[in-house]
Amino acid sequence: MADDAPRQFEVDLPPEVVPGSYADFANVWHTPDVFVMDFVSLARPPQAATDAEGNAVTVVPGRVVQRVRIPPRQVFELAKALTQQLEFWEQETGRRTGA
């Protein structure tokens, strides 16, 4: 296999994965060798509570619906792809998110 030959990916999407998973937010963290994205869905509405010191807090119960691990070199490609898709979405919908 020639290292300079273009790659043509053939990706299989199993039928059970087609529907995907809904997530309300994602938490991203890393180790020296991998970036981890935990996609979280809210389990029930936020609830008022107190922490161990007696301070008022709002507890937001959630459940990880998917954990995705990617190598650090892929993070840059993912960031570019997300930015590009967000720009397409803004053009198509006329909506703008963020500041």
Side-chain angles (χ1 to χ4, degrees):
M1 179 172 82
D3 288 338
D4 58 345
R7 292 186 179 190
Q8 180 175 325
F9 289 93
E10 293 182 5
V11 178
D12 178 51
L13 183 61
E16 65 273 12
V17 177
V18 170
S21 298
Y22 179 81
D24 292 292
F25 64 95
N27 183 42
V28 180
W29 53 280
H30 69 276
T31 69
D33 302 315
V34 69
F35 276 74
V36 180
M37 295 174 288
D38 287 331
F39 293 89
V40 180
S41 181
L42 297 180
R44 60 182 180 274
Q47 302 170 344
T50 55
D51 65 12
E53 289 81 37
N55 300 312
V57 296
T58 300
V59 175
V60 182
R63 173 172 288 231
V64 173
V65 295
Q66 195 66 250
R67 173 171 280 179
V68 178
R69 300 170 186 266
I70 61 173
R73 68 184 173 276
Q74 285 302 115
V75 173
F76 298 101
E77 294 301 318
L78 177 61
K80 284 192 284 188
L82 286 170
T83 298
Q84 182 182 46
Q85 288 301 313
L86 180 57
E87 289 171 358
F88 292 158
W89 177 83
E90 289 175 337
Q91 290 171 4
E92 291 169 7
T93 65
R95 294 166 48 189
R96 178 125 175 101
T97 60

- Does any pair with a residue in residues 36-95 pass ring pair (Phe, Tyr, Trp, His ring centres under 6.0 Å), and if so which ones, sequence neighbours excluded?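 Counting only pairs at least two positions apart or across chains, no ring pair (Phe, Tyr, Trp, His ring centres under 6.0 Å) contact touches residues 36-95.
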State which residues pass side chain to side chain contact (heavy atoms under 4.5 Å, CB included) with [X]; sequence neighbours excluded, sorted by chain then number.
X	value
Leu82	Leu78
Val18	Leu13
Pro71	Arg73, Gln74

- Task: Inspect the surroundings of CD in Glu16 and state if more than 12 heavy atoms from other residues, nucleotides or ligands are less than 6.0 Å away.
- Result: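 Atom CD in Glu16 is crowded, with more than 12 foreign heavy atoms closer than 6.0 Å.
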- Could you tell me the separation between the CD atom of Gln85 and the CD atom of Glu90, rounded to the nearest 0.5 Å?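 Result: 11.5 Å between the selected atoms.
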Solution key, residues 48-65 side-chain donor-acceptor pairs under 3.5 Å, sequence neighbours excluded:
{"unit_1": "Asp51", "atom_1": "OD1", "unit_2": "Glu53", "atom_2": "N", "d": "3.0"}
{"unit_1": "Asp51", "atom_1": "OD1", "unit_2": "Gly54", "atom_2": "N", "d": "3.0"}
{"unit_1": "Asp51", "atom_1": "OD1", "unit_2": "Asn55", "atom_2": "N", "d": "2.8"}
{"unit_1": "Asp51", "atom_1": "OD2", "unit_2": "Asn55", "atom_2": "ND2", "d": "3.4"}

- Query: Is Asp24 reaching over with its side chain to a backbone N or O of Leu42, donor-acceptor style, under 3.5 angstrom?
  - Reply: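 Side chain of Asp24 to backbone of Leu42, a donor-acceptor pair under 3.5 Å: yes, one is there.
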Review item, side-chain donor-acceptor pairs of residues 27-37, under 3.5 Å, at least two apart:
{"unit_1": "Trp29", "atom_1": "NE1", "unit_2": "Asp38", "atom_2": "OD2", "d": "3.2"}
{"unit_1": "Thr31", "atom_1": "OG1", "unit_2": "Asp33", "atom_2": "N", "d": "3.2"}
{"unit_1": "Thr31", "atom_1": "OG1", "unit_2": "Val34", "atom_2": "N", "d": "3.2"}

- Task: Give me the one residue out of Arg95, Arg96, Gln91 that meets side-chain contact (heavy atoms from CB on, under 4.5 Å) with Thr93.
- Result: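 The residue from Arg95, Arg96, Gln91 that satisfies side-chain contact (heavy atoms from CB on, under 4.5 Å) with Thr93 turns out to be Arg95.
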